[in-house]
Amino acid sequence: RENWSKNCGVLGMEVAMEGDERSREYVRVEERLERLLMHETDFVAAMATTCCELHHSFKDHFDWTGFYRVAPEGDALVVGPYQGTHGYLRIPFGK
């Protein structure tokens, strides 16, 4: 099983927090995600859980937290699991 939090790059995001505080919160989020996703094999469930954990952990810093996936047709990004206000449903490549 892949480590979702590292594989998805979610802990590389920047938020407007002080360095030490931000670093500690990233560690706590990563630990929670590793426990929550330890036995999860469904990719969508893992993305949804990751969005939820990040959005609520950094609620004062993120308005929207989520994933876009490459559409099956390969011509656009399609919104995946997210939390926050509505995002664009589909973003054509090149726009």
So OG1 of T41 and NE2 of H39: to nearest 0.5 Å the spacing works out to 11.0 Å
- Determine, using the 4.5 Å side-chain heavy-atom cutoff (strictly less than), whether L33 and F58 are members of one ILVMFWY cluster. yes
Does the side chain of V44 come within less than 4.5 Å of P81's, by heavy atoms? yes
Closest non-hydrogen contact found for C51 with G66 is SG-CA, 3.4 Å
SG (C52) and CZ (R32) are apart, to the nearest 0.5 Å, by 10.5 Å
_Side chains of V79 and F67, heavy atoms from C-beta outward: is any pair under 4.5 Å?_
no
Correct closest heavy-atom pair for V29 and L54 would be CG1-CD2, 3.8 Å
Result for side-chain hydrogen bond (donor to acceptor under 3.5 Å, both in side chains) between Q83 and one of H56, H55, E53 points to H56
To the nearest 0.5 Å, atom CG of D42 lies from atom OG1 of T49 at 9.5 Å
- Message: Between W64 (side chain only) and G84 (backbone N and O only), is there a donor and an acceptor less than 3.5 Å apart?
- Response: no
Salt bridge (charged side-chain N to carboxylate O under 4.0 Å, His left out) pairs touching residues 57-73, sequence neighbours excluded, are E73-R90
Item checked: Note, Y82 side chain near Y68 side chain (heavy atom, < 4.5 Å) -> no
Heavy-atom closest pair (A71 atom, D75 atom, distance to 0.1 Å) is CB-OD1, 4.1 Å
Review point. Is it the case that one hydrophobic cluster holds both L89 and V78, taking links as side-chain heavy atoms less than 4.5 Å apart, direct or via other members?
Key: no
Sorted by chain and residue number, the side-chain hydrogen bond (donor to acceptor under 3.5 Å, both in side chains) partners of R28 (sequence neighbours excluded) come out as E25
Flag side-chain contact, heavy atom, 4.5 Å: L37 against E40: yes
